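Here is how names work: the chains are called A, B, and so on, in the same order as the sequence lines, proteins then strands, and each is numbered from 1. In what follows, every heavy atom counts, from backbone to side chain, and hydrogens, waters and symmetry copies are set aside. Since the model is a prediction, treat every value here as computed from it, not as a measurement.
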Amino acid sequence: MYKAPRGTSDILPQEQTYWKYVEEKAAFLCQLYGYQPLTTPILEDAQLFARTVAGGTDIVDKEMYTFEDRSGQKLALRAEGTAPVCRAYLEHGLFNLPQPVKLYYIGPAFRYERPQAGRYRQHHQFGYEALGEADPALDVEIIEMAQRFLLSLGFSEFSIQLNSIGCKLCQPKYREALRQHYSNYTTYLCPDCKVRLLRNPLRLLDCKKISCQKIAETAPKITDYLCPECQAHFQSVQQYLEALVIPFQLNYRLVRGLDYYTRTVFEIEPHEEGAQSALGGGGRYDNLIEQLGGKHTPAVGFAAGIERLILNLKKQKIKVSVLPKPIAFIAYLGEEAKIEAIKLAFELHQAGIAVIKATGDKSLKGQLRQANSLCTNYAIIIGEKEVKNHTAVLRDMITNKQKTIPLAEVISSLKQN
RNA sequence: GUGAGCGUAGCCCAGUGGUUAAGGCGCCAGGUUGUGGCCCUGGAGAUCGUGGGUUCAAAUCCCACCGUUCACCCCA
């Protein structure tokens, strides 16, 4: 038997209620703020991710799905959502539109990781990006939207962690300061942190090992090293958030996984504990588009993992709206009635009324059982008598009342509901 | 990539060396020559994850692989 590949899963109809719920809230939010949908290919040039995400991140080092196609081109399955959006922005000259350009996407991302709760090899991200504007008010809009999105889903218990990791000018100085601080403690560092010290010192801060955390406590803070411009930007972000009364926690240890971030970074944590906890995160990436060959274009965005959102919706027992289902089930008895049933279903569908017709010549009892399990409000029954009289039995499955009506009146009767 | 737990029907699961592998949900049929849900009766459905080994005998013990879950790592 074939199985879905490791770390991937089928999303069965029962699950789809959650998915549609999340997708609808996402689309509504973006429409509310004027972010337009963008769908990018699942395949990209492997270099797109290698160049932008790179730098001491596992994503590129060992988690990318890359392969050569028949022409020898190196392709990669989408590893994250932001770089493709930037690629599309450049490729289609969206920088010629009035800036900022506001876009959103919902789609799969692939990473070759060991699957775990809230972590899959194929997962789905909802993200939105505002490209071409450096105003801290835009950082705040992105955060504000994230908060509104989670509230609209029904979450109430979550915190917004906020930090600034500076820019090209100030970050190197801070990295150096960190390096100096940590090099006094190299013998106490865990093996992973010894590597981080060399490759990506910022990540030293979020090591979970207690021994390493102690060293992080006394480490210099990025906020003391920000250049005046980054400092002012960070102050404005906080000021605007306060004006909106959006609660946030400054977290000097917050360092996002992807390497392209500058200045504002933020993450949304549910209060409920769990290893794979972050519901989403984002930040500013003022250098990414330049890295991709465009001119200097500041940008900021957010992404959330749909599977994790759904996991938390279930954990917190948040009710989601159910999907619409057909209103009636059409049952028949005998070959002549079957033809009438097929014709009736055709006409109902033509009239835009959702119905399911029986197939397979089952007993009436069996057909009504099926109607029952489908939870339709009505059953329409056509037997020999009804064929002769050009009628149908319309049975209300909730009240148990039924009446015989002319075939021609079935549509209007159902339309009343 | 590291560590630990678990793999018995579509789903939940009993069975820890000895007849035809038990039960519940679901599915199908019957109990009403044309009426669902509740109830009753019957039925179908399992190479006991895969391969190898130990044994007279393996779902049960051992090994390997695969899958899955949880944690580390990493991240959404």
- [ ] Report the distance from atom NZ of A:K401 to atom C1' of B:rU35, rounded to the nearest whole Å.
- [x] 17 Å
Open item on the list: In whole Å, I'd like the distance from the CZ atom of A:F49 to the P atom of B:rA76.
Closed with: 13 Å
Open item on the list: If I pick the P atom on B:rG5 and the same atom on B:rA64, what distance separates them, to the nearest angstrom?
Closed with: 13 Å
Open item on the list: Any residue in residues 354-364 of chain A with a heavy atom nearer than 4.0 angstrom to RNA chain B? Just list them by number, or reply none.
Closed with: A:K362, A:S363, A:L364
Open item on the list: Tell me which one of A:L150, A:L279, A:I318 satisfies side chain to side chain contact (heavy atoms under 4.5 Å, CB included) with A:N312.
Closed with: A:L279
- [ ] Establish, for the pair A:K25 and A:F149, whether the NZ or CZ atom is under 6.0 angstrom from the six-membered ring centre and no further than 45 degrees off its axis.
- [x] no
TODO: Determine the interatomic distance between C1' on B:rC66 and the same-named atom on B:rG49; round to the nearest Å.
DONE: 7 Å
Task: Integer angstrom distance from the P of B:rA9 to that of B:rA4 - done: 26 Å
Task: Residues A:R111 and A:Y120: side-chain donor-acceptor under 3.5 angstrom - done: no
Task: Nearest-angstrom distance from the residue atom CZ of A:F266 to P of B:rC75 - done: 17 Å
Open item on the list: Counting only Watson-Crick pairs (N1-N3 plus N6-O4 or O6-N4) and G-U wobbles (N1-O2, O6-N3), all under 3.5 Å, who is the partner of B:rC48?
Closed with: none
Task: Check: A:Q161/A:E267 side-chain N/O donor and acceptor closer than 3.5 Å - done: no
- [ ] Look at A:E144 together with A:R148 and state whether they make a salt bridge at an N to O cut-off of under 4.0 Å.
- [x] yes
TODO: Would you mind reading off the distance between A:R6 atom CZ and B:rC70 atom C1', rounded to a whole angstrom?
DONE: 13 Å
Open item on the list: Can you classify the ring geometry of A:F126 versus A:Y128 as parallel (below 30°), tilted (30 to 60°) or perpendicular (above 60°)?
Closed with: tilted
TODO: Report the C-alpha distance between A:Y65 and A:R78 in whole Å, list the side-chain angles of each, state the deciding distance to 0.1 Å, and finish with yes or no for side-chain hydrogen bond (donor to acceptor under 3.5 Å, both in side chains).
DONE: CA-CA 8 Å; A:Y65 278 91; A:R78 179 161 62 217; over 6 Å; no
Task: Interatomic distance at C1', B:rC62 relative to B:rU54, whole Å - done: 7 Å
TODO: Can you check whether any acceptor in the base of B:rA76 is under 3.5 Å from a donor in the side chain of A:E267, or vice versa?
DONE: no
Task: Watson-Crick/G-U partner (both atom distances under 3.5 Å) of B:rU60 - done: none
- [ ] In whole angstrom, give me the gap between the C1' atoms of B:rG17 and B:rG26.
- [x] 34 Å
Open item on the list: Measure NZ/A:K388 against C1'/B:rG34 and give the value in whole Å, please.
Closed with: 13 Å
- [ ] Look through every strand shown and name the nucleotide pairing with B:rU32 as Watson-Crick or G-U wobble, where both distances are under 3.5 Å.
- [x] none
Task: Between A:Y174 and A:Y225, ring centroids under 6.0 Å - done: yes
- [ ] Using a heavy-atom cut-off of under 4.0 Å over every strand shown, decide if A:Q402 touches base, sugar-phosphate, or nothing.
- [x] base
Task: Interatomic distance where CG belongs to A:L368 and P belongs to B:rU32 [whole Å] - done: 17 Å
TODO: Would you kindly compare A:R121 and A:G7 by the position of their nearest RNA chain B nucleotide and give the one closer to the 5′ end?
DONE: A:G7
Using atom names, set out every protein N or O paired with an N or O of nucleotides 37-41 of chain B below 3.5 Å, distance rounded to 0.1 Å.
{"unit_1": "B:rG37", "atom_1": "O4'", "unit_2": "A:N372", "atom_2": "ND2", "d": "3.0"}
{"unit_1": "B:rG37", "atom_1": "O6", "unit_2": "A:N400", "atom_2": "OD1", "d": "2.5"}
{"unit_1": "B:rG37", "atom_1": "O6", "unit_2": "A:N400", "atom_2": "ND2", "d": "2.6"}
{"unit_1": "B:rG37", "atom_1": "N1", "unit_2": "A:N400", "atom_2": "OD1", "d": "3.2"}

Open item on the list: Taking the P atom in each of B:rC28 and B:rA44, what is the distance between them to the nearest angstrom?
Closed with: 16 Å
TODO: Check if the side chain of A:R203 and the base of B:rC73 share a donor-acceptor pair of N or O atoms closer than 3.5 Å.
DONE: no
Using the 3.5 Å cut-off, write out each protein N or O paired with an N or O of nucleotides 3-11 of chain B and the distance between them.
{"unit_1": "B:rG3", "atom_1": "O6", "unit_2": "A:R114", "atom_2": "NH2", "d": "3.4"}

Open item on the list: If I take atom CD1 in residue A:I330 and atom C1' in nucleotide B:rU35, what distance separates them, rounded to the nearest angstrom?
Closed with: 16 Å
- [ ] Check whether any side-chain heavy atom of A:L162 sits under 4.5 Å from a side-chain heavy atom of A:Q249, and report yes or no.
- [x] no
TODO: Can you tell me, in whole Å, how much space there is between the P of B:rC11 and that of B:rU68?
DONE: 14 Å
Open item on the list: Using Watson-Crick or G-U wobble geometry with both distances under 3.5 Å, which nucleotide pairs with B:rU54?
Closed with: none
TODO: Consider the side chain of A:A117, meaning its heavy atoms from C-beta on, and name the nucleotide among B:rU35, B:rG34, B:rC70 that approaches it most closely.
DONE: B:rC70
Task: Spacing of A:Q161 atom CD relative to B:rC75 atom P, expressed in whole Å - done: 17 Å
Open item on the list: Pick the closest RNA chain B nucleotide for A:Q122 and for A:G383 by heavy atoms, then say which residue is nearer the 5' end.
Closed with: A:G383
Task: Side-chain donor/acceptor of A:R111 to base of B:rA76, under 3.5 Å - done: yes
- [ ] Please determine, for B:rA21, whether a Watson-Crick or G-U wobble partner exists with both distances under 3.5 Å, and give it or none.
- [x] none
- [ ] Identify whether any heavy atom of A:F126 sits under 4.0 Å from a base atom; if not, whether one sits that close to sugar-phosphate; answer base, sugar-phosphate or nothing.
- [x] nothing
Task: A:R121 to A:Y112, cation-pi by 6.0 Å centre distance and 45° axis angle - done: yes
Task: Assigned partner base of B:rA71, Watson-Crick or wobble definition, under 3.5 Å - done: B:rU2
TODO: When you get a sec, tell me which of B:rU69, B:rG34, B:rA76 is the closest nucleotide to the side chain of A:P115?
DONE: B:rU69
- [ ] Would you check if there is a donor-acceptor pair between the side chains of A:D286 and A:H296 at a distance under 3.5 Å?
- [x] no
TODO: Using Watson-Crick or G-U wobble geometry with both distances below 3.5 Å, tell me the partner of B:rG26, or none.
DONE: none
- [ ] State, without any angle test, whether A:E80 and A:Y260 hold a side-chain donor-acceptor pair at a distance under 3.5 Å.
- [x] yes
Open item on the list: Suppose we define a pair by two distances each less than 3.5 Å, Watson-Crick or G-U wobble; what does B:rC66 pair with here?
Closed with: B:rG7
Open item on the list: Please determine whether any donor N or O and acceptor N or O are separated by less than 3.5 Å between the side chain of A:Q116 and the base of B:rC73.
Closed with: yes
Open item on the list: Within the 4.0 Å heavy-atom criterion, would you say A:E384 contacts the bases, only the backbone, or no part of the nucleic acid?
Closed with: base
- [ ] Check step by step if side-chain hydrogen bond (donor to acceptor under 3.5 Å, both in side chains) holds for A:E23 and A:Y18.
- [x] CA-CA 9 Å; A:E23 284 164 11; A:Y18 285 97; over 6 Å; no
TODO: Report yes or no: do A:Y332 and A:E386 form a side-chain donor-acceptor pair below 3.5 Å?
DONE: no
Open item on the list: What's the gap between B:rU60 and B:rU55 when it is taken at their C1' atoms, as a whole Å value?
Closed with: 13 Å
- [ ] With A:E307 as reference, evaluate A:Q122, A:H123, A:H124 under the side chain to side chain donor-acceptor pair (under 3.5 Å) test and give the passing residue.
- [x] A:H124
Open item on the list: Counting the atoms with a prime plus P, OP1 and OP2 as sugar-phosphate, which does A:I306 contact under 4.0 Å by heavy atoms, base, sugar-phosphate, or nothing?
Closed with: nothing
Task: No-H, no-angle donor-acceptor pair, A:E386 side chain to B:rG34 base, under 3.5 Å - done: yes
